[in-house]
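Below, all heavy atoms of this structure are taken into account, side chains as well, without hydrogens, waters or symmetry copies.
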Amino acid sequence: MSCRITTGVGMELAAFFSSGDGWAQPWVLDIELVESLRFGPPAGHTDLEVAIALTQLLHHDFVSHGTDGQGRHLDDENVPMIIKAHRAVLERLALKPPAWPFRTFDGPRGFGTYWRANDMSGSWKARRDCIEQILGPTRDALEDLEELEYERRFTKGPSGSFKNLIFAADGVKPEIVLRDAVNNEVEIVRHADTCLVFTDPLPPHGLTWRQMVAWWQKNHQPGADEKTAADGLYRRLYRSLDSKPEQLLMITYCARYAEEGGFDLPALIPQVYLHYDPYTRRSGKQSGALYRQRMDFLLLAPDRSRIVIEVDGVQHYGRPNPPDEQGRITHTAVPRLYAEMVAEDRRLRLAGYEIYRFGGWELKEPGGRQLLESFFTSLLARHQKPTL
């Protein structure tokens with residue numbers, strides 16, 4: 001006797017169970033599989049599929065327990081394992097796990113004890129509403145993510161997931177090598193102390209300034225309030241910039257953080273060395289120094305766009321000549337440098353990135369700040385979170 005309950009995204013709840021004896025014990029949880037979910041999805045499935053299936057399982061069983069008590073798949077011993085696995089999978093998806101006020105069906109930490117203590121004893125609806133309040137936001141977030149994944153099949157945006165974000169070196173350039181091209185394992189072999197490394201899961205709707213500040217608080221300014229941490233992070237990022245045009249661009253964009261809702265804007269990430277997992281994997285390098293050069297700025301927009309902003313000084317396309325009699329230095333255009341720059345643009349565009357270039361000269365002109373303000377207003381309007 002077996003039961004096939006499909007989630008609608010390619011994974012069945014029955015995948016977590018054996019069929020048992022078919023009568024007295026129809027559902028036997030595969031403990032080894034469930035424990036493994038804390039470290040990654042099973043072969044042939046994604047974290048999104050697993051998260052949807054576990055959410056459905058928890059919702060079904062707690063609603064069943066709170067109403068007629070029939071049709072449960074779990075018991076008091078194994079439901080905490082499912083909750084732990086559920087939390088781990090959601091965190092890998094950069095989603096906030098639900099806060100459970102109980103951990104079992106019965107007993108001191110059980111749902112039954114909770115509903116009796118919270119005036120739900122006479123209402124099945126109240127108990128169902130309780131479970132909906134706990135799991136509803138998770139289900140909605142997973143549905144949003146599922147819709148984005150579906151839409152991404154018909155767009156030209158990058159596929160895959162972020163793994164490492166190495167950025168904002170304020171000293172000697174770090175030396176980064178690719179140790180394992182299959183798993184995209186990287187190592188900073190020299191000057192790791194000069195840069196920042198963001199390894200938290202990145203949310204599906206990009207990376208906001210608020211989320212960046214929270215990461216900075218946790219790792220670099222524990223105990224600081226949000227405003228203090230934001231100031232500390234901004235100052236640290238600014239130190240990584242050594243050209244006036246780049247500094248003006250960052251000052252102009254980051255001024256928006258002080259406006260209403262500004263902390264929920266995409267974070268402007270300067271001096272990015274390693275950014276996107278699939279791109280590195282496609283480079284053809286199996287080990288050794290990474291080919292990808294530093295990007296000036298990266299924005300991870302709420303519509304899943306990856307936006308690269310470059311500020312080109314004359315060194316991007318010319319070489320300096322000896323000083324003239326007045327000590328002035330001129331430059332001679334070098335076609336090879338220009339060709340390398342546009343070739344790298346092509347590679348990034350083919351990988352799904354948007355690239356915008358500013359000439360350093362235009363940002364040094366009197367209208368440079370106004371030019372940037374207008375650009376960012378149009379850019380942010382174009383890349384808002386999609387309405388589902």
Side-chain angles (χ1 to χ4, degrees), residues 5-18 27-62 73-100 103-104 134-135 137-139 141-146 148-149 152 158-166 177-188 197-205 207 211 214-215 218-219 274-281 286-287:
I5 305 176
T6 306
T7 67
V9 292
M11 189 166 194
E12 299 172 347
L13 297 187
F16 301 129
F17 301 89
S18 67
W27 298 97
V28 177
L29 190 67
D30 186 337
I31 302 297
E32 184 177 352
L33 171 63
V34 172
E35 290 291 339
S36 73
L37 297 179
R38 297 168 63 184
F39 306 100
H45 294 287
T46 66
D47 277 327
L48 178 58
E49 292 173 344
V50 174
I52 292 172
L54 292 177
T55 303
Q56 184 185 31
L57 174 59
L58 288 166
H59 188 279
H60 175 274
D61 273 33
F62 275 106
H73 308 82
L74 304 171
D75 57 32
D76 284 333
E77 183 176 347
N78 55 38
V79 70
M81 299 179 192
I82 295 294
I83 290 176
K84 288 180 181 178
H86 188 237
R87 171 179 291 274
V89 176
L90 291 175
E91 287 177 344
R92 286 200 299 272
L93 291 169
L95 298 178
K96 183 179 180 181
W100 290 93
R103 302 283 290 181
T104 60
I134 295 170
L135 284 172
T138 298
R139 184 197 58 241
L142 289 171
E143 288 177 355
D144 285 354
L145 186 52
E146 187 180 15
L148 282 172
E149 291 293 329
R152 192 161 54 102
S159 61
S161 59
F162 277 86
K163 192 162 187 178
N164 304 99
L165 196 60
I166 301 172
V177 298
L178 184 61
R179 292 300 188 195
D180 182 346
V182 174
N183 296 307
N184 195 42
E185 298 295 341
V186 300
E187 180 182 349
I188 306 174
V197 182
F198 188 100
T199 57
D200 287 359
L202 287 168
H205 291 301
L207 181 63
Q211 291 158 339
W215 163 81
K218 180 177 67 176
N219 294 280
L274 181 63
H275 51 102
Y276 204 65
D277 177 13
Y279 184 81
T280 303
R281 192 174 293 147
Q286 296 302 312
S287 63

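- Of the inter-residue distances, the one linking Ile52 atom CD1 with His45 atom NE2 reads 12.5 Å to the nearest 0.5 angstrom.
- For the side-chain contact (heavy atoms from CB on, under 4.5 Å) test, residues two or more places apart in sequence or in another chain that qualify with Asp30 are Glu32, Leu33.
- When atom types are taken as modelled, the side chain of Asn78 and the backbone of Leu74 share no donor-acceptor pair closer than 3.5 angstrom.
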Run the side-chain donor-acceptor check on residues 82-89: report pairs under 3.5 Å with partners two or more places apart or on a different chain.
| unit_1 | atom_1 | unit_2 | atom_2 | d |
| --- | --- | --- | --- | --- |
| His86 | NE2 | Thr55 | OG1 | 2.8 |

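- Between Leu207 and Phe198 there is a side-chain heavy-atom pair separated by less than 4.5 Å.
- When all heavy atoms of His73 and Leu57 are compared, the pair lying nearest together is ND1-CD1, 3.8 Å.
- Rounded to the nearest 0.5 Å, atoms CG (Leu58) and CH2 (Trp100) are 5.0 Å apart.
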Side-chain atoms of residues 90-98: list all donor-acceptor pairs with protein atoms under 3.5 Å, sequence neighbours left out, distances to 0.1 Å.
| unit_1 | atom_1 | unit_2 | atom_2 | d |
| --- | --- | --- | --- | --- |
| Arg92 | NE | Asp47 | OD1 | 3.2 |
| Arg92 | NE | Asp47 | OD2 | 3.0 |
| Arg92 | NH1 | Leu37 | O | 3.1 |
| Arg92 | NH1 | Arg38 | O | 3.1 |
| Arg92 | NH2 | Leu37 | O | 2.9 |
| Arg92 | NH2 | Asp47 | OD1 | 2.7 |

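- Rounded to the nearest 0.5 Å, atoms CZ (Phe62) and OG1 (Thr104) are 7.0 Å apart.
- Side chains of Asp61 and Val79 form no contact here, defined as non-hydrogen atoms less than 4.5 Å apart.
- For Asp76, the side chain to side chain donor-acceptor pair (under 3.5 Å) criterion is met by no residue, not counting sequence neighbours.
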